[in-house]
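Heads up, the thing below is written out as C-alpha cells.
Bear in mind that the values here come from a model prediction, so they are computed numbers and not experimental data.
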Amino acid sequence: MAGHSHWANIAYKKAATDKKRGKVYSKLATKIIVAAKMGGGDPDMNLRLKCSIADARAANMTNDQIKRAIDRGTGATASEHYDDVVYEGYAAGGAAVLIEGITDNPHRTAGEIRGIFQKYAGNFGASGSVAWQFTRQAVVRVPAQGSSEDALMMAVLDAGAADMERADDVFVVRGPAESLTPIQQAVAGLKLVPLSSAIEYVPSTYMPVPAEVAKSIASLLEALEENDDVQKVHTNAEFPDGFEG
C-alpha cells in the first residue's frame with residue numbers, strides 16, 4: 001500500500017528537526033495538562049493522555065517534564081480553563097486547511113489564525129466550511145528503520161488498520177478511530193515504538209497543487225504551526241514530487 005508525500009509527512013519531518021524545542025515542549029505540556037484535567041492522570045484509563053504522552057516521548061520530553069504536566073493537570077484549579085478549538089479555511093489555490101488547537105482564549109486565537117490566513121493569501125472559513133472534506137482516523141507513525149514492512153503491515157491490518165504507506169523513513173498507518181488502541185497494541189507486540197499515535201483529521205481526497213503555489217501554501221501551514229495555541233494542522237494539499245517546503 002503506497003501513497004504520495006503529502007504535507008502531513010512534510011510537516012512531521014519539520015517537527016522532528018524543529019530547533020524551537022521550547023515551543024514544542026510547551027505545546028506538548030499543554031496537551032498533557034488538558035488531557036489529565038479532563039480524564040485523570042492514569043494513561044491506561046485515559047486514551048487522550050496516553051496519546052499525548054506518546055507524542056511527548058517521541059519529541060524527547062523527559063519523564064520528569066511529563067510528570068509535572070500530568071500533576072499540573074490533575075491538580076488544576078477551576079480558574080485554569082482550556083478549550084479544544086478547530087478552525088478552518090482555504091490556502092492559496094483552494095486547498096482545504098483544518099487546524100486543531102488548545103486555548104484559554106478562543107476569541108484571541110481565532111483572530112490570530114485569521115491574520116495568518118490573510119498574510120499568506122488564504123481565506124479564514126466558517127465552522128464546517130472544510131471539515132466535511134476530512135474524516136477522523138487513527139494514525140500511527142512508526143520508524144521504518146528496524147521495522148519489517150511485511151510484518152508490520154500484517155499486524156496492523158489484523159488489528160483493524162485500513163492502510164499503510166511509507167513516507168520517507170516513516171511508516172504511516174491509518175484506520176478507523178476505534179482501531180487506535182488495537183493498532184498501538186499490534187505495534188507494541190512487534191517491539192516497535194511509534195513516533196506518534198493519535199486520532200487525526202485525514203483528507204477524504206487530496207488536491208494536487210501546482211509548484212507555483214506550493215511554497216505559499218507551505219509557508220501558511222508552517223506559520224499556523226508556529227502559533228502557540230495550535231496543536232496540529234491538516235490539509236488536503238498534495239505537493240509536487242520532490243517538494244521540500
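- Residues Ile99 and Val86 are members of separate hydrophobic clusters, defined by side-chain heavy-atom contacts under 4.5 angstrom among Ile, Leu, Val, Met, Phe, Trp and Tyr.
- Under the rule for a side-chain contact (heavy atoms from CB on, under 4.5 Å), the partners of Pro203 that lie at least two apart in sequence or sit in another chain are Phe134, Tyr206, Asn236.
- Hydrophobic clustering (ILVMFWY, side-chain heavy atoms < 4.5 Å, transitive): Ile217 and Val230 are in one cluster.
- No donor-acceptor pair under 3.5 Å is formed between the side chain of Asp83 and the backbone N or O of Val85.
- In this structure, Tyr120 contributes its side chain and Ala218 its backbone to no donor-acceptor pair below 3.5 Å.
- With hydrogens and angles disregarded, a donor-acceptor distance shorter than 3.5 Å links the side chain of Tyr90 to the backbone of Ser129.
- A pairwise comparison of heavy atoms in Gly40 and Thr74 identifies C-CG2, 4.2 Å as the closest pair.
- Contact of the Lys50 side chain with the Leu180 side chain is not registered, since no non-hydrogen atoms from C-beta on lie closer than 4.5 Å.
- From Met164, atom CE reaches atom CG of Leu157 across 7.5 Å, with rounding to the nearest 0.5 Å.
- Using a 4.5 Å cut-off on side-chain heavy atoms (C-beta onward), Arg57 and Ile66 make contact.
- Residues Met153 and Val187 fall within the same hydrophobic cluster, defined by Ile, Leu, Val, Met, Phe, Trp and Tyr side chains chained together at heavy-atom separations under 4.5 Å.
- Nearest heavy-atom pair, Ala69 versus Ile33, reported as atom, atom and distance to 0.1 Å: O-CG1, 3.4 Å.
- Within the 3.5 Å criterion, the main-chain N or O of Lys232 finds no donor-acceptor partner in the side chain of Glu100.
- In this structure, Ala58 and Leu195 approach most closely via the heavy-atom pair CB-O, 2.6 Å.
- Relative to the six-membered ring of Tyr201, Arg136 meets both conditions, a distance below 6.0 Å and an angle of at most 45° to the axis.
- Between Ser179 and Gly175, the closest heavy-atom pair is OG-C, 3.5 Å.
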Q: Run the numbers on Thr109 and Tyr87 for side chain to side chain contact (heavy atoms under 4.5 Å, CB included), then give the verdict.
A: CA-CA 9 Å; Thr109 305; Tyr87 300 110; 3.7 Å; yes
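- Side-chain atoms of Lys27 come within 3.5 Å of backbone atoms of Glu225 as a donor-acceptor pair (strictly under, hydrogens ignored).
- Within 6.0 Å of CD in Glu212 there are more than 12 heavy atoms belonging to other residues, nucleotides or ligands.
- In terms of modelled atom types and a separation under 3.5 Å, the side chain of Asn46 and the main chain of Ala35 share a donor-acceptor contact.
- No donor-acceptor pair closer than 3.5 Å links the side chain of Asp229 to the backbone N or O of Thr103.
- The minimum heavy-atom distance linking Leu190 with Leu152 is given by the pair CD1-CA, 3.7 Å.
- Side-chain contact check for His107 and Asn105: no donor-acceptor pair (N or O, by modelled atom type) lies under 3.5 Å.
- Cluster annotation: Ile199 is not connected to Leu98 through the hydrophobic network of ILVMFWY side chains, with a link wherever side-chain heavy atoms come within less than 4.5 Å.
- In this structure, NZ on Lys31 lies 7.5 Å from CD1 on Ile102, to the nearest 0.5 angstrom.
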Q) Yes or no on side chain to side chain contact (heavy atoms under 4.5 Å, CB included) for Tyr25 and Asn60, after CA distance, side-chain angles and deciding distance? A) CA-CA 9 Å; Tyr25 283 5; Asn60 296 317; 3.9 Å; yes
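- You'll find the side chain of Gln231 stays beyond 4.5 Å of the side chain of Val34, heavy atoms only.
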Q: Show your reasoning for whether side chain to side chain contact (heavy atoms under 4.5 Å, CB included) applies to Glu165 and Arg174.
A: CA-CA 9 Å; Glu165 66 173 344; Arg174 298 186 181 91; 3.0 Å; yes
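- When hydrophobic clusters are built by joining Ile, Leu, Val, Met, Phe, Trp and Tyr residues whose side-chain heavy atoms come closer than 4.5 Å, directly or via intermediates, Ile70 is grouped together with Val24.
- Residues Val140 and Ser197 come closest through the heavy atom pair CG2-OG, 3.7 Å.
- Rounded to the nearest 0.5 angstrom, Leu220 CG and Phe117 CZ are separated by 5.5 Å.
- Note: Gln133 CD to Met207 CE = 9.0 Å, rounded to the nearest 0.5 Å.
- Residue Leu224 holds its CG atom at 5.0 Å from CD1 of Ile116, rounded to the nearest 0.5 Å.
- With values rounded to the nearest 0.5 angstrom, Leu28 atom CG is found 6.0 Å from Met61 atom CE.
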Q. What's the verdict on side chain to side chain contact (heavy atoms under 4.5 Å, CB included) for Lys119 and Ser219, showing C-alpha distance, side-chain angles and the deciding distance?
A. CA-CA 10 Å; Lys119 181 177 180 180; Ser219 296; over 6 Å; no
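- Ionic pairing of Lys67 and Asp71 is present here: one or more N-O contacts between side-chain nitrogen and carboxylate oxygen are shorter than 4.0 angstrom.
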